[in-house]
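Here the structure comes first, spelled out in structure tokens, and everything after it is commentary.
Numbers restart at 1 for each chain; the letters A, B, ... are given by sequence-line order, proteins then strands. Worth knowing before you read on, the calculation uses all heavy atoms, side chains too, and leaves out hydrogens, waters and symmetry mates.
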There are 2 protein chains.
Amino acid sequence: MEQNITIHDIAKKLGISSSTVSRALNNNSRISDKTKKRVLELAEELGYKPNAAATALRMKRTKTIGLIIPKINRHFFADAINGVEKYATTHGYNVIITQSNENEEQEKSCIETLLHAGVDGIIASIALVKNDYQHYRKIIKREIPLVFFDRICDEIESNKVIVDDFKGGFLAAEHLISQGCKKIAHIAGPQHLNLYINRTQGFLKALRKHNMEPYEGGMLENYLTIEEGKEAAIKLLDTPNRPDGIFASNDTVCLSLIEHAEKKGISIPNDLAIIGFSNEPYAKLISPSLSTIEQRGYDVGFKATELLIRNIEYPSNNLETIVLPINLIIRKSSNKEV
Amino acid sequence: MEQNITIHDIAKKLGISSSTVSRALNNNSRISDKTKKRVLELAEELGYKPNAAATALRMKRTKTIGLIIPKINRHFFADAINGVEKYATTHGYNVIITQSNENEEQEKSCIETLLHAGVDGIIASIALVKNDYQHYRKIIKREIPLVFFDRICDEIESNKVIVDDFKGGFLAAEHLISQGCKKIAHIAGPQHLNLYINRTQGFLKALRKHNMEPYEGGMLENYLTIEEGKEAAIKLLDTPNRPDGIFASNDTVCLSLIEHAEKKGISIPNDLAIIGFSNEPYAKLISPSLSTIEQRGYDVGFKATELLIRNIEYPSNNLETIVLPINLIIRKSSNKEV
DNA sequence: ATGAAAGCGCTAACAA
DNA sequence: TTGTTAGCGCTTTCAT
């Protein structure tokens, strides 16, 4: 076993005390340039690496941040993780990722895991199921900085980073209107989550602006899964007077809509224009390619981490909510002009 | 700040020494049942949680494992991470995930990060670019258990978990043959990586078994990207005597093949049967749906972690290579009978 | 069965 | 500017 080098090894070789070595390594001002130089050189030569556990024990900080993600294999979250890792590692922090699997119990155990690991801060996106969020209070009570992103809630006071879901819903609806759609339906996500509320409200705002109302019977709400998408497709499309445009609050249900429409011989986009939300990677691959709202997960994760680390290093009580821009992406599923 | 409970707090309240508390908490045999019970109850009541940093410092183990992944937002790897986390957390380990982004320099820094974090073991899948793998020796020199998965190399002696790529290539080729294909081409991945070698060799073995040869000029090798797939599509399809079946070593290039075939009016699967490898999530969504070889990333990650943690807790010198099964998934892109 | 004491590697208050 | 010393919370040897 290649024995790890400690500050004591360096001190002994240099005939000085280990506290002097520590000061040299930490850029303390109360040290001579000459000594500092000698320490730094020897440390480099011996390949000295500080023992993280010892520093953590002494300093009560681990230079580690925790991440609570609903599902890692969702494109948006994978991107967000990339953003988090980028900012964190360039600032000397490690990241521990945990998954709630959209489940309240697992979300609780994620929090336990991260607190036990002694993370310096936590970034979280809450599980889809309706829950009371009270377990998040435990983080705040321990005075550990907390930043929510994307799936936020109003109940817990903390820093937040979201995308402009309202504007996304608004642009999606205006786009359908610009394509000449007159009977526009909407499949909304669970309305206990802010982001779905905002998408829906943005949608409604755009209709109002153009003196339109949502197509009668065309306001649905579900969990936006493939299965519920199929049910929604049947409800919306298996009727003589069906909508000519649908805005769905994610891309997944659009897959169900497209499949059902094809089965029924409904032509997309001419008889039915469809637009989703998220720009999942398959959106541009499927046929017809899917119009959608792009939300840049990387930026969300990056920004959330910036906010978190600032709060770790310069504690403060004022809370921020950062709203990042979205983009309308027009593809074949809604673009009648092509 | 809610002060954390230590064993000394428990000891004081119970009027015993902290070493006795430690023994009770660690199920040491040299302690009376009565004392143990009292300690455990009070610990529970006070919500005692051992300080991970202190234990790590004292025990020289962190109960943390490190993961080196080429790209987290690839479906296979996201699944593998799920498997790793599942096994790790149920066995009391945390996971630190790092990404190499298919880049040798970043791979080196991943290793530095993980070693510095003091992980007890490392699970890695190597970056796509050709490199000399020497940085991995540093892990072995420190006597830290190491398990490679999926992207392995022969140069480094360690435990390995892979899928049966050879059989995957074999089954893919046999399937095309069973569909009546006579002129079968193959787009291979970089042949410095074992898994691509194996897929290609399995393919060749199946042809040999059926006394066939690969279609002349139909053995291509590239990095299996969308762009290189387009070039390959042109090479293979823009010729009068084109192949009637193609096995590609991933699903990505199949996207390019399908797009080009449609543009050329080549009917899939009747004029051209296509099968890929990986079962990416979009494989069943695209049109025509894509036949492919399913490799279960979750199982790979799970198994790799099992192997790693066994090696951490019961050090041993004999090395294993575990090969997990794959599945042939037949969809429209190759299924002439439907 | 229990306690006292040392020490893991580091930082920082205090002394010189 | 440098050294001495104590202590972060835990485990473990040695003593009792």
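- No salt bridge links B/K13 with B/E45; every basic N to acidic carboxylate O contact stays at or beyond 4.0 Å.
- A 4.5 Å side-chain heavy-atom check between A/I10 and A/L46 finds at least one atom pair inside the cut-off.
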What does the list of N/O pairs under 3.5 Å between the protein and nucleotides 3-6 of chain D look like, with a distance for each?
residue	atom	partner	partner atom	Å
D/dG3	OP2	A/S17	N	2.9
D/dG3	OP2	A/S17	OG	3.1
D/dG3	OP2	A/T20	OG1	2.5
D/dG3	N7	A/R23	NH2	2.6
D/dG3	O6	A/R23	NH1	3.1
D/dG3	O6	A/R23	NH2	3.3
D/dT4	O4	A/S19	OG	3.1

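- No side-chain N or O of A/N28 forms a donor-acceptor pair with one of A/K36 less than 3.5 Å apart.
- The separation between B/I7 atom CD1 and C/dT2 atom P is 15 Å, rounded to whole Å.
- Listed nucleotides C/dC10, D/dT2, D/dC10 differ in distance to A/I31; the shortest reach to its side chain belongs to D/dT2.
- In this structure, NZ of A/K49 is placed 20 Å from C1' of C/dC8, rounded to the nearest angstrom.
- Between the NE2 atom of A/H8 and the P atom of C/dA6 there is a distance of 16 Å, given to the nearest Å.
- Residue-level contact check: B/T55 touches the backbone only, with heavy atoms under 4.0 Å from sugar-phosphate atoms and none from bases.
- No side-chain donor from either of B/S22 and B/S19 sits under 3.5 Å from a side-chain acceptor of the other.
- Of the possible donor and acceptor atoms, one in the side chain of A/N51 sits under 3.5 Å from a partner among the backbone N and O of A/A53.
- Atom CZ in A/R38 sits about 9 Å away from atom P in D/dT2, given to the nearest Å.
- The nearest whole Å value for the distance from the CD1 atom in A/I10 to the C1' atom in C/dG9 is 12 Å.
- Under the 4.5 Å side-chain criterion, counting only non-hydrogen atoms from C-beta, B/Q295 is not in contact with B/V300.
- B/L57 comes within 4.0 angstrom of a nucleotide base, judged by non-hydrogen atoms across all strands.
- Using a 4.0 Å cut-off, some side-chain N or O of B/K60 falls inside it from OP1 or OP2 of C/dG9.
- Heavy atoms of A/S32 sit under 4.0 angstrom from primed sugar atoms or phosphate atoms, though from no base atom.
- Atom NZ of B/K34 is separated from atom C1' of C/dA1 by 11 Å (rounded to the nearest Å).
- Taking only side-chain atoms of B/S22, from C-beta outward, the nucleotide of C/dC10, D/dG9, D/dT12 with the closest atom is D/dT12.
- Looking at heavy atoms from C-beta onward, A/R151 lies in side-chain contact with A/F77 at the 4.5 angstrom threshold.
- In this structure, A/N4 places its CG atom 20 Å from P of C/dG7, rounding to the nearest Å.
- Atom P of nucleotide D/dT1 and atom NZ of A/K37 are separated by 17 Å, given to the nearest angstrom.
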